[in-house]
Protein chains: 2
Amino acid sequence: MNSAPDLRDSATTAGNEPRERILSAAGREFAERGYESATVRDICLAAGVNVAAINYYFGDKQRLYIESVKHAHEQRAGQVPLPEWAAGTQPSRKLQDFIANFLERLLGFGQPPWEVRLMMREVLHPTDACRELVEDYVRPRFELLVSILDELVDGQLSQTELRQVALSIIGQCFLYRAAGDVVGMLVPREELESHHSLAPLADHVTSYALAALGETRPLVDARQRTIHVQEEASS
Amino acid sequence: MNSAPDLRDSATTAGNEPRERILSAAGREFAERGYESATVRDICLAAGVNVAAINYYFGDKQRLYIESVKHAHEQRAGQVPLPEWAAGTQPSRKLQDFIANFLERLLGFGQPPWEVRLMMREVLHPTDACRELVEDYVRPRFELLVSILDELVDGQLSQTELRQVALSIIGQCFLYRAAGDVVGMLVPREELESHHSLAPLADHVTSYALAALGETRPLVDARQRTIHVQEEASS
DNA sequence: TCCTCATTCAAACAGACGTTTCAATCGATT
DNA sequence: AATCGATTGAAACGTCTGTTTGAATGAGGA
């Protein structure tokens, strides 16, 4: 039972075993219940350590929380790295890849991992750990998206307009993660499974953006519809 | 064991003053700190009543919370009612009005009111009060939006596609309310004030949707850019 | 063997929490 | 004036919280 890892040269091995277990258990608890509702006793029970271990390894609950947010961020960042493209890749392809990657990161492969839920809590109700998270994690992705859009429209939109479009794209992806429960109430179950999984969502957001930017045909072919609109207007 | 007064019908007491004060103070407190962190002592201090009043009027903290969510919902619904249009109003105009109304409701006139922040908490981390909120408040607006879009594209998109577009629009509006702090970190301050207030946001989301649906010209004029794209493709 | 020292453990701490108690208060009715 | 029910008040209840204590443990080094 007693392991006593004793890994002084921590350069070779990644961290203390009980420390890692606490961080993992704390991340899950914080993601599930939030900072206030998660108790150190439950965390220690889940991690299989004594309550005193939290004081021993992290000092107090607050520092444990910040550490667990960072830990989740770093772990998740390694799981789904930013895509890289060969020089000359079509910007529309880059956009598609970026959106699919972003959604994959937000929604997870199967069901959304606790790391993302924990970070989402920070985004929605920022604490001290938030600004660091934004600078390290959010801003690079955001500026990559802006640069893709800039390349896509060949410099014909201002930085302000590019940021607006970028936020529109992010907002669409964001909704499914942040308000997924409500979306689930608004959309029929069979449609959820068929059209709101990762690939169809990425396709929709991408084609919606490409159509709005004039890179592809609109979602509705205007030539067919114009007739009806004119009929209506004449009536 | 004194039983609480008839809290369901306010026929006898038109506006129960302490009850109203508690609901208002509780809503603010829950919106600010969340359910767990908000304490009944602080609520009663803010409302200027004794702690026993909560047991007397609402039974316990949980029922107070549910009542305050409902109260916030009803109060906010009265502040910004759904727009109504004369028969024959252009659907694109309806869309513009709907989006402006939705944003106004989310973002508030000046700074976002606590009622919206409280409801947002329910949407992001649903409790028992959520489903009722969705059915009464969210679904009617969602289906109104879908019907506007249906009219706009003149029935050329399936209900599934219409719902996807509707969620795209809602997602864009939603981002500013739910993750407003993070948006504020990503966008320069002067741009926030000039382009992220209510009217410019509504214009952007509307024109983005209209362009994607082929109702108006794309945000970028394709005829100018196509030359460059073909040059790129040929290289 | 003994000592050192990092780590773990059960137990207890003080404080805050939601809730309950029961007497005091107030206004209207008798 | 007396009575009654509704409402308010101050204080206490038991429980749960984060944190701390001080002894016990066990593996290396002397």
Side-chain angles (χ1 to χ4, degrees), chain A residues 1-13 15-30 32-69 127-129, chain B residues 1-27 29-30 32-69 127-129:
Chain A
M1 190 187 205
N2 203 347
S3 54
D6 189 33
L7 301 168
R8 287 310 159 73
D9 45 344
S10 57
T12 55
T13 58
N16 245 330
E17 206 205 305
R19 216 186 112 94
E20 287 287 326
R21 263 185 300 151
I22 294 173
L23 277 177
S24 179
R28 275 176 242 267
E29 285 297 316
F30 285 136
E32 190 72 25
R33 311 193 193 284
Y35 178 77
E36 305 287 343
S37 297
T39 72
V40 296
R41 280 178 173 82
D42 286 344
I43 291 171
C44 292
L45 186 69
V49 299
N50 190 270
V51 285
I54 274 184
N55 178 31
Y56 184 75
Y57 283 103
F58 299 97
D60 57 13
K61 185 185 181 183
Q62 177 115 328
R63 269 173 287 184
L64 167 62
Y65 175 74
I66 293 178
E67 287 298 314
S68 70
V69 170
T127 70
D128 293 338
Chain B
M1 292 305 163
N2 225 349
S3 63
D6 336 279
L7 37 85
R8 43 196 77 261
D9 90 311
S10 53
T12 55
T13 53
N16 206 336
E17 209 200 303
R19 217 186 108 94
E20 287 288 326
R21 264 185 299 151
I22 294 173
L23 278 177
S24 179
E29 212 61 36
F30 285 137
E32 190 72 24
R33 312 194 192 285
Y35 178 77
E36 304 288 342
S37 297
T39 71
V40 295
R41 281 178 172 83
D42 285 343
I43 291 171
C44 292
L45 186 67
V49 299
N50 190 270
V51 285
I54 274 184
N55 179 31
Y56 183 74
Y57 284 103
F58 300 96
D60 56 13
K61 185 184 181 184
Q62 178 117 327
R63 269 173 285 183
L64 168 61
Y65 175 75
I66 294 177
E67 287 297 317
S68 69
V69 170
T127 69
D128 293 338

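A, B, ... follow the sequence lines: proteins, then strands. Residue 1 opens every chain.
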Mind calculating the distance between [atom1] ([X]) and [atom2] ([N]) to the nearest angstrom?
X: B:Ile54; N: C:dG18; atom1: CD1; atom2: P; value: 8 Å
X: B:Arg63; N: C:dT19; atom1: CZ; atom2: C1'; value: 12 Å
X: A:Ile22; N: C:dT7; atom1: CD1; atom2: P; value: 11 Å
X: A:Glu29; N: D:dT17; atom1: CD; atom2: P; value: 11 Å
X: A:Lys61; N: C:dG15; atom1: NZ; atom2: P; value: 19 Å
X: B:Arg33; N: C:dC17; atom1: CZ; atom2: P; value: 10 Å
X: B:Asp60; N: C:dC17; atom1: CG; atom2: P; value: 17 Å
X: A:Phe30; N: D:dT17; atom1: CZ; atom2: P; value: 13 Å

Considering only side-chain heavy atoms of [X], which listed nucleotide, [options], is closest?
X: B:Asn50; options: C:dT8, D:dG9, D:dG18; result: D:dG9
X: B:Val51; options: C:dC9, D:dG18, C:dT19; result: C:dT19
X: B:Tyr57; options: C:dG18, D:dT8, D:dT19; result: D:dT8
X: A:Pro18; options: C:dT8, D:dA6, D:dG9; result: C:dT8

| task | Start with the C-alpha gap between A:Asp60 and A:Ile54, add the side-chain angles, then the distance that decides, and say whether side chain to side chain contact (heavy atoms under 4.5 Å, CB included) holds. | result | CA-CA 6 Å; A:Asp60 57 13; A:Ile54 274 184; over 6 Å; no
| query | With side chains defined as the heavy atoms from C-beta onward, is the minimum distance between B:Phe30 and B:Leu64 less than 4.5 Å? | reply | yes
| Close approaches to DNA chain C from residues 35-48 of chain B, in residue order (heavy atom, under 4.0 Å) | B:Ala38, B:Thr39, B:Val40, B:Arg41
| note | OH (A:Tyr35) and NZ (A:Lys61) are apart, to the nearest 0.5 Å, by 5.0 Å
| message | Using every non-hydrogen atom in the two residues, find where B:Ser68 and B:Ala26 come nearest and quote the distance to one decimal. | response | CB-CB, 4.3 Å
| message | Minimum heavy-atom separation for B:Asn55 and B:Gly59, please, with both atom names. | response |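 Result for this residue pair: OD1-O, 2.9 Å.
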| Short side-chain N/O contact from A:Asn55 to OP1 or OP2 of D:dT19, under 4.0 Å | no
| field | Pairing of A:Glu17 and A:Arg21 as salt bridge, 4.0 angstrom limit | value | yes
| query | Thinking salt bridges, do A:Glu32 and A:Arg28 make one under a 4.0 Å N-O criterion? | reply | no
| message | Could you walk me through whether A:Arg63 and A:Glu67 satisfy the salt bridge (charged side-chain N to carboxylate O under 4.0 Å, His left out) test, starting with their C-alpha distance in whole Å, then the side-chain angles of each, then the deciding distance to 0.1 Å, before giving a yes or no? | response | CA-CA 6 Å; A:Arg63 269 173 287 184; A:Glu67 287 298 314; over 6 Å; no
Side-chain atoms of residues 39-46 of chain A: list all donor-acceptor pairs with protein atoms under 3.5 Å, sequence neighbours left out, distances to 0.1 Å.
residue, atom, partner, partner atom, Å
A:Thr39, OG1, A:Asp42, N, 3.1
A:Thr39, OG1, A:Asp42, OD2, 3.2

| task | Return the angle between end axes of the helix from C:dT1-D:dA30 to C:dT30-D:dA1, with five pairs used per end and rounding to 10°. | result | 20°
